[in-house]
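Okay, structure first, notes after.
Throughout, a chain's letter reflects where its sequence line sits, starting with A, and its residues are numbered from 1.
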Amino acid sequence: MASGEFFMEAENQITPERKSLDDRNKMTELERIRHSCAHVMATAILRIWPEAQFAAGPPVENGFYYDLELAHRISPEDFPRIEEEMKKEIKANNVFERTTVTREQAIKDAESGRLGGLAERPGNVSKFKLGNLADIPEGEAISYFRNGDFLDLCAGPHVMRTGNIGAFKLTTVASAYYKGDEKNPQVQRIYGTAFKNKTQLDEYFKMLEEAKRRDHRKIGAEMGLYAIDTEYVGPGMPLWLPKGTVLVEELEKLAKEAEFAAGYVRVRTPHLAREKMYTTSGHLPYYAESMFPPMELKEKDSTPGAEADRYYLKAMNCPHHHRIFAAEPRSYRDLPLRLAEYGCCYRYEQSGELFGLMRVRSLNMNDAHIYCTEEQFAQEFRAVNEMYLHYFKTFGLEKYQMRFSTHDPSKLGQKFVDDPVLWRKTEDMVRRVLVESGINFVEVANEAAFYGPKIDVQVWSAIGREFTIATNQVDFAVPAKFGLTYRDRDNTDKTPLCIHRAPLGTHERFIGFLIEHYAGNFPLWLAPEQVRILTVNDESALCEYAQPIIKELRANMVRVDTDFGSEPIKAKVANAEAARVHTMLVIGARDVEGGNVSVRLHGKGHVGAKPKAEVIAGILEAIRTRAA
RNA sequence: GCCAGCUUAGCUCAGUGGUAGAGCAGCAGUUUUGUAAACUGCUGGUCGUCGGUUCAAAUCCGACAGCUGGCUCCA
């Protein structure tokens with residue numbers, strides 16, 4: 001609930017609606033190749049393990065997979081063998097032959113084990129195919145595709161012949177739930193990729209290598225930004241090293257400035273709260289699994305009315321902010337009330353979910369809650385969106401997707417608060433604001449928070465994983481649970497709307513994202529080491545010449561380091577470049593003579609010698625304006 | 001949490017049953033240099049942890065932990 005979702009990605013995979021045959025026929029050539037390659041892989045696996053049962057084998061973003069059940073656990077060691085068989089099938093250049101059958105025939109073939117097999121397999125029913133058959137609506141054609149001996153229940157489409165598959169490679173194995181449902185049995189999922197030709201396949205793997213180089217986990221270690229000490233601190237709980245802390249504090253500074261200008265006030269809240277907080281908010285017991293287990297106090301707390309002596313680490317800030325709203329009587333004159341805090345939260349994410357800085361257990365949220373009236377809502381919501389766009393511009397962020405998540409009327413009262421009128425009203429308000437602001441967005445039904453519609457901003461990590469980097473949510477339900485009211489001008493008490501917003505998400509995820517976005521080459525205002533002064537040798541005259549420059553830069557809060565050692569200048573430059581120092585100022589006898597410094601910019605090379613006052617002024621201006 | 005893979009020095013990696021290695025980094029000297037890496041020497045490891053097999057284990061087997069790629073979850 002509440003800011004609960006702020007740093008979460010939305011579903012990595014939105015459960016796809018069942019595709020119509022028309023939609024399927026829109027598959028691109030590459031998708032056909034990949035889907036066909038999945039059939040070829042199944043053919044190969046069956047030649048080795050004829051008893052394998054296959055479930056589903058679609059093309060996916062970077063390749064394809066096929067789910068199967070098999071007593072033997074397929075491991076990457078088996079890949080060469082499977083790929084060998086696949087090559088044979090491709091070389092055979094069999095036709096993908098489509099036939100349509102009646103449902104009765106299909107059921108008969110599934111029961112004989114023929115579907116997803118090379119031959120009939122008595123006693124080995126094609127159970128997953130039988131399950132898939134049940135999903136095909138009455139009236140829709142039931143089709144088979146056959147290549148060689150392999151006969152599969154499949155809507156297609158495929159390439160003409162197996163030989164049309166240009167180049168392929170098996171990549172990984174995973175376990176997956178049949179039909180993606182946790183309640184279903186697990187199946188083995190074999191992933192592969194395929195392209196029109198070998199060149200494109202090679203390019204794809206080269207691109208993956210490139211992506212690994214800008215992976216925030218790699219750059220984070222190289223630059224000394226953060227460390228994760230699983231032994232003493234714990235998995236998923238990053239320690240910010242001095243250079244990473246610079247990034248954290250620069251972001252906070254940016255946020256504080258933007259929020260101050262937009263009329264927010266700052267608050268601070270403890271990291272713990274009593275159990276009553278989360279029974280009231282509705283987080284317990286339903287979300288207890290995602291929270292760290294409670295701390296039990298040995299002695300009874302004497303507070304009257306205490307439910308229990310249990311304290312929880314907060315997983316979100318909103319309940320605390322709600323209590324700040326409740327701490328004083330509120331008038332309509334106080335609204336909108338915008339409470340902002342870089343709140344520190346803790347969530348017990350499953351171990352398999354942790355991912356560098358992108359998915360962690362301790363996190364600092366760029367959180368704020370805006371309490372307002374219905375009349376004020378559109379204006380406030382628009383202002384929040386403008387703040388997002390301001391940030392995106394600052395960071396040169398262009399590849400993102402705004403996702404507007406709405407409710408599903410059929411799930412009112414279960415997944416969503418049962419107030420159809422307010423849903424319609426708030427969704428209309430949000431949609432209108434988006435359209436009026438000229439913001440591009442996609443609308444996704446059934447993905448709202450349970451208390452109201454929301455907008456998530458999706459971005460992609462270097463290796464292609466999708467994350468919610470920011471979120472903006474409407475809450476028309478939870479303030480009432482906490483009994484929050486304001487006195488309106490008609491002297492009655494009313495419940496405010498609440499906007500939960502986190503345009504910079506969490507420090508952890510946002511910085512993880514920025515590291516990859518910039519590949520560690522941060523703009524001057526963000527760079528952990530902004531300036532390094534390099535002397536051509538260790539003569540004292542050069543070091544002395546540098547002193548007033550250092551003094552002036554530091555007086556203006558510029559992060560400046562020095563390299564006055566006796567190494568050759570080439571080595572000093574190489575070290576500074578490797579450390580991704582934004583601006584290198586080289587000082588030699590010639591510079592001292594002319595009152596200059598020689599400027600070199602990271603990744604851009606030597607810019608030339610300039611008067612030192614001019615260089616200092618330029619640095620200060622670039623930082624002040626947060627130039628890209 | 002599930003499936004698979006991985007875990008050797010701060011980092012990148014070599015080492016398939018017989019006395020733990022290299023490069024980089026670090027430290028100490030030498031060098032005094034004009035824009036991406038001067039030279040010499042030294043330090044540094046209970047080979048993730050625990051248990052087993054063996055005369056002998058980084059190496060073979062098992063359990064556990066962490067990480068990575070997926071799956072599931074994601075208020």
Query raised in the report: Taking a pair as Watson-Crick or G-U wobble with both distances under 3.5 Å, which nucleotide is matched to rU30(B)?
Result: rA38(B)
Report task. Determine the contact category for E567(A): base if any of its heavy atoms lies under 4.0 Å from a base atom, sugar-phosphate if only primed atoms, P, OP1 or OP2 are that close, otherwise nothing. Result -> base
Query raised in the report: Phosphate oxygens OP1/OP2 of rU68(B): is one of them under 4.0 Å from a side-chain N or O of R217(A)?
Result: yes
Query raised in the report: Roughly how far apart, to the nearest Å, are rG17(B) and rU31(B) at atom P?
Result: 49 Å
Query raised in the report: Does rA25(B) have a Watson-Crick or wobble partner in any strand here, with both distances under 3.5 angstrom, and which is it?
Result: none
Requested in this report: Could you measure between the two C1' atoms, the one in rC61(B) and the one in rA9(B), and give it in whole Å?
Outcome: 28 Å
Query raised in the report: So which heavy atom on P453(A) is nearest to which on V430(A), and how close?
Result: CG-CG2, 4.3 Å
Query raised in the report: Taking atom P in both rG69(B) and rA37(B), what distance in whole Å separates the two?
Result: 33 Å
Query raised in the report: Among rG34(B), rG5(B), rG69(B), which nucleotide sits nearest the side chain of A589(A)?
Result: rG34(B)
**Report entry** N/O donor-acceptor pair under 3.5 Å between T280(A) side chain and F482(A) backbone
**Finding:** no
Query raised in the report: Considering only side-chain heavy atoms of I569(A), which listed nucleotide, rU35(B), rU32(B), rA38(B), is closest?
Result: rU35(B)
Report summary line: Here the distance between atom P of rG70(B) and atom CG of L208(A), to the nearest Å, is 10 Å
Report task. Searching all strands shown, indicate the nucleotide that pairs with rU7(B) (Watson-Crick or G-U wobble; both distances under 3.5 Å). Result -> rA65(B)
Query raised in the report: Taking atom P of rA37(B) as reference, at what distance in whole Å does atom NZ of K572(A) sit?
Result: 15 Å
**Report entry** Listed nucleotide nearest any side-chain atom of E577(A), set rC71(B), rC3(B), rA36(B)
**Finding:** rA36(B)
Query raised in the report: Quick one: are V457(A) and M402(A) in side-chain contact, heavy atoms under 4.5 Å?
Result: yes
Query raised in the report: Would one find a side-chain N or O of R580(A) under 4.0 angstrom from OP1 or OP2 of rA36(B)?
Result: no
Query raised in the report: Strictly by modelled atom types, are E529(A) and H582(A) linked by a side-chain donor-acceptor pair under 3.5 Å?
Result: no
Query - Distance between C1' atoms of rG45(B) and rU40(B) (Å, rounded) - result: 24 Å
Query raised in the report: Within 45 degrees of the axis of the six-membered ring of Y346(A) and under 6.0 Å from its centre: does R361(A) put its NZ or CZ there?
Result: no
Report task. Taking salt bridge (Lys or Arg N to Asp or Glu O under 4.0 Å) as the test, write out the residues that go with E210(A), two or more places apart. Result -> R213(A)
Query raised in the report: Expressed in whole Å, how much space separates the P atoms belonging to rC73(B) and rG15(B)?
Result: 41 Å
Query - Close side-chain approach of Y66(A) to I45(A), heavy-atom, < 4.5 Å - result: no
Query raised in the report: Can you find a side chain N or O atom of S175(A) that sits less than 4.0 Å from OP1 or OP2 on rC71(B)?
Result: no
Query raised in the report: Can you tell which of rA4(B), rC67(B), rA37(B) lies closest to the side chain of L354(A)?
Result: rC67(B)
Query raised in the report: Nucleotide by nucleotide, 5' to 3', does protein get under 4.0 Å of the base (B), only the sugar-phosphate (S), or neither (-) in nucleotides 22-27 of chain B, counting heavy atoms?
Result: ------
Report task. Evaluate side-chain contact (heavy atoms from CB on, under 4.5 Å) for Y178(A) paired with K127(A), printing each intermediate quantity in order. Result -> CA-CA 11 Å; Y178(A) 176 52; K127(A) 54 183 176 177; over 6 Å; no
Query raised in the report: Heavy atoms under 4.0 Å, any strand shown: does G356(A) hit a base, just sugar-phosphate, or nothing?
Result: sugar-phosphate
Report task. In whole angstrom, give the distance that lies between atom OH of Y178(A) and atom P of rG70(B). Result -> 24 Å
Query raised in the report: In terms of the nearest nucleotide of RNA chain B, which residue is placed more toward the 5' end: R590(A) or I74(A)?
Result: I74(A)
Requested in this report: With heavy atoms under 4.0 Å as the rule, sort S290(A) into base, sugar-phosphate or nothing.
Outcome: base
Query raised in the report: Looking for any heavy atom pair under 4.0 Å, which part of the strands does A176(A) touch: base, sugar-phosphate only, or nothing?
Result: sugar-phosphate
Requested in this report: Look at all strands and tell whether Q350(A) reaches a base, only sugar-phosphate, or nothing, counting heavy atoms closer than 4.0 Å.
Outcome: base
Query raised in the report: Has R600(A) got a side-chain N or O lying under 4.0 Å from the OP1 or OP2 atom of rA36(B)?
Result: yes
Query raised in the report: Rounded to the Å, how far apart are F79(A) CZ and rC3(B) P?
Result: 17 Å
Report task. Hunt down the Watson-Crick or G-U wobble partner of rC47(B), both distances under 3.5 Å, from any strand shown, or write none. Result -> none
Query raised in the report: Mind checking the P distance from rA28(B) to rC47(B)? Whole angstroms is fine.
Result: 29 Å
Requested in this report: Check the distance between rC67(B)'s C1' and E231(A)'s CD and give it to me in whole angstrom.
Outcome: 14 Å
Query raised in the report: Tell me: CD1 of I190(A) to P of rC3(B), nearest whole Å?
Result: 14 Å
Query - Pairwise 5' ranking along RNA chain B for V536(A) and P235(A), keeping only the more 5' one - result: V536(A)
Report summary line: R359(A) has its side chain closest, among rG69(B), rC71(B), rC73(B), to rC73(B)
Query raised in the report: Taking side chain as C-beta onward, heavy atoms only, is S405(A) less than 4.5 Å from K454(A)?
Result: yes
Report task. Measure from CG on N537(A) to P on rA38(B) and round the result to the nearest Å. Result -> 15 Å
Requested in this report: Grab the OH-P distance between Y177(A) and rG1(B) for me, whole Å please.
Outcome: 12 Å
**Report entry** Base-pairing assignment for rA57(B) (Watson-Crick or G-U wobble, both under 3.5 Å)
**Finding:** none
**Report entry** Selected nucleotide, minimal atom distance to D538(A) side chain, candidates rG5(B), rA38(B), rU32(B)
**Finding:** rU32(B)
Query raised in the report: Looking at Y545(A), does the NZ or CZ of K612(A) lie under 6.0 angstrom from its six-membered ring centre and within 45 degrees of the ring axis?
Result: yes
